[in-house]
Amino acid sequence: MARYDRAITVFSPDGHLFQVEYALEAVRKGNAAVGVRGSDTVVLGVEKKSTPKLQDSRTVRKIVSLDTHIALACAGLKADARVLINRARIECQSHRLTVEDPVTVEYITRYIAGLQQKYTQSGGVRPFGLSTLIVGFDPYSEKPALYQTDPSGTFSAWKANATGRNSNSMREFLEKNYKETSGKETIKLAIRALLEVVESGGKNIEIAVMTHKDGLRQLEEAEIDEYVAEIEAEKAAAEAAKKGGGASTSASS
Amino acid sequence: MLLLLFRLSFLSFFPSLSLSQHFAPTGTKPHHRISVSLNFKQRKQREEKRRMMMKLDTSGLESFSAAVPSAMAAAEDQLFAPPSFDLPAGCADFDKFQMEAKQTLKHAKGTTTLAFIFNQGVIVAADSRASMGGYISSQSVKKIIEINPYMLGTMAGGAADCQFWHRNLGIKCRLHELANKRRISVTGASKLLANILYSYRGMGLSIGTMIAGWDEKGPGLYYVDSEGGRLKGNRFSVGSGSPYAYGVLDNGYRPDMTVDEAHELARRAIYHATFRDGASGGVVSVYHVGPNGWKKLSGDDVSELHYKYYPVQPTPVEHEMVDAPPA
């Protein structure tokens, strides 16, 4: 019995916490998630793996709201996510009760990260196997915010970030193509990042948009298809322009 | 040890008697006889014992034998009766005892404090007298506590309670600032205090305080008390002198006063309360909380204020007293 009292997360001789690193591996196997912050909008996008025919897809919500002004998407173990999300929702309400103010995005991120860290330093438990992307607007402010947490319990703010499957290629794409956007442009940037690693089409992507006025809004499949079509058209036009320019130079030479 | 053996033998006769029945319900009569309820078996045993003790054939002496057993039984009960004693004072009606104990410890909020919001911020004012019953223990108590540079709390009720919990609130406000990189709102601070006081409800804390401050939403004023109540408002006065202060304050209040007018109103209100209420007096302190924090405006002794408001009219002397000329 005494064996199980030991902390499961212990340091290795070269200073690694292997359980935490394995948890990060679990995250890398989870489905892709991307978050992009604009000047007045913030967008979350998640890859939707093909739903089995008999499954009711409405019960599988990948982007959830923690409060009227905060939303969360995650990559990794979905069961762990459920537990973490429930605790975060309770904390949002508890904060409203004790200080009569909604939480700031930073506060709830700090709380979730603190929870994830606690489980790396307790006996007999394993770390949560998920990274989260938390978006929202601070109360009394119109500026959006995007934060990321990971199984080790660290968190930081980002202009745009991705986690889950192929997050490295998505992040590279975002680093190359990020610019301050607003409204529809932010949505398009998020979709473009996701399309880098996901099969194109509205039924493989879930997008949610949050604005200060309207809160969280999940985009319909048809809307997403529209955006995808626009993006494809733009891409084709850019390709054609490049080819056309190249052809003219080759013709002249 | 011997007593224990004695007890055990007693108990072996009446095993169904629970120990709680040994104590008299009220401390009225010292030797209160308890009616012992025995079951059938025990009654039979008792009768057997009595019969064994009488080896005489008393069939012709029924009346005599009938009388003797009862006397014997009475003697027996006396002999085997446990020692009884008075219950400690207050056990009779414990709730009443508890209420009385709290009342004696409670210093019935002998003070006058007030605070009100107007267009230019919040004015907070208080007297400085501490009384223990009829004895004035101090004339120079600081009843306005500086929680942090932009928030003030007033003290009414138990001085120690107020000072400690306001200090504790100051610590919590600072921790909130450090954790969240922004100041706590007056709403939040008053709620923290109210929740703490609620958890100590019924344990004898005596606090009637007002939390006044200026935060992102503008001027804020909350009344918080040791019963766990919390009220948001524009004008409050707390303490034994509060009715008198309310009279002057409500009469002269206008939301568009200047800082000086508000200052004078607060000072006059406290002065009039100290004039009529014996538990208020000493020095009137007035603070103003503006967008840049609080600032102490004045601290005037009420006896001097009295002569300022009601200067002495020189009365004509009828008869000059002259020393008798030395004989």
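None of the values given here were measured: they were computed from a predicted structure. In what follows, chains are A, B, ... by sequence order, proteins preceding strands, each numbered from 1.
In this structure, CG in B/Asn180 is found 4.5 Å from CZ in A/Arg110, a value given to the nearest 0.5 Å.
Crowding of A/Tyr178 atom OH: a count of heavy atoms from other residues, nucleotides or ligands under 6.0 Å exceeding 12. By the 6.0 Å contact criterion, CZ on A/Arg96 is enclosed, its count of non-hydrogen atoms from other residues, nucleotides or ligands being greater than 12. No more than 12 heavy-atom neighbours from other residues, nucleotides or ligands sit within 6.0 angstrom of CZ on B/Arg276. With a 6.0 Å radius and a threshold of 12 heavy atoms from other residues, nucleotides or ligands, A/Lys159 has its NZ atom at or below the threshold.
Using a cut-off of 4.0 Å between Lys/Arg side-chain N and Asp/Glu carboxylate O, A/Glu100 and B/Lys232 are scored as not salt-bridged.
Within the structure, side-chain hydrogen bond (donor to acceptor under 3.5 Å, both in side chains) contacts touching residues 127-137 of chain A (residues at least two apart or in different chains) are A/Thr132-A/Thr149.
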Only pairs under 3.5 Å count here: list side-chain donor-acceptor contacts from residues 288-295 of chain B, not counting sequence neighbours, and write none if there are none.
unit_1	atom_1	unit_2	atom_2	d
B/His288	NE2	B/Gln120	O	3.0
B/Trp294	NE1	B/Asn148	O	3.0

Pairs under 3.5 angstrom only: tabulate donor-acceptor contacts from the side chains of residues 77-87 of chain A to other protein residues two or more places apart or in another chain.
unit_1	atom_1	unit_2	atom_2	d
A/Lys78	NZ	A/Cys74	O	3.2
A/Asp80	OD1	A/Arg126	NH2	3.0
A/Asp80	OD2	A/Arg126	NH1	2.7
A/Asp80	OD2	A/Arg126	NH2	3.4
A/Asp80	OD2	A/Gly129	N	2.9
A/Asn86	ND2	A/Arg82	O	3.4

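No side-chain heavy atom of A/Asp138 sits less than 4.5 Å from a side-chain heavy atom of B/Arg182.
Of all residues in residues 183-196 of chain B, those placing a non-hydrogen atom less than 4.5 angstrom from a non-hydrogen atom of chain A are B/Ser185, B/Thr187, B/Gly188, B/Lys191, B/Leu192, B/Asn195.
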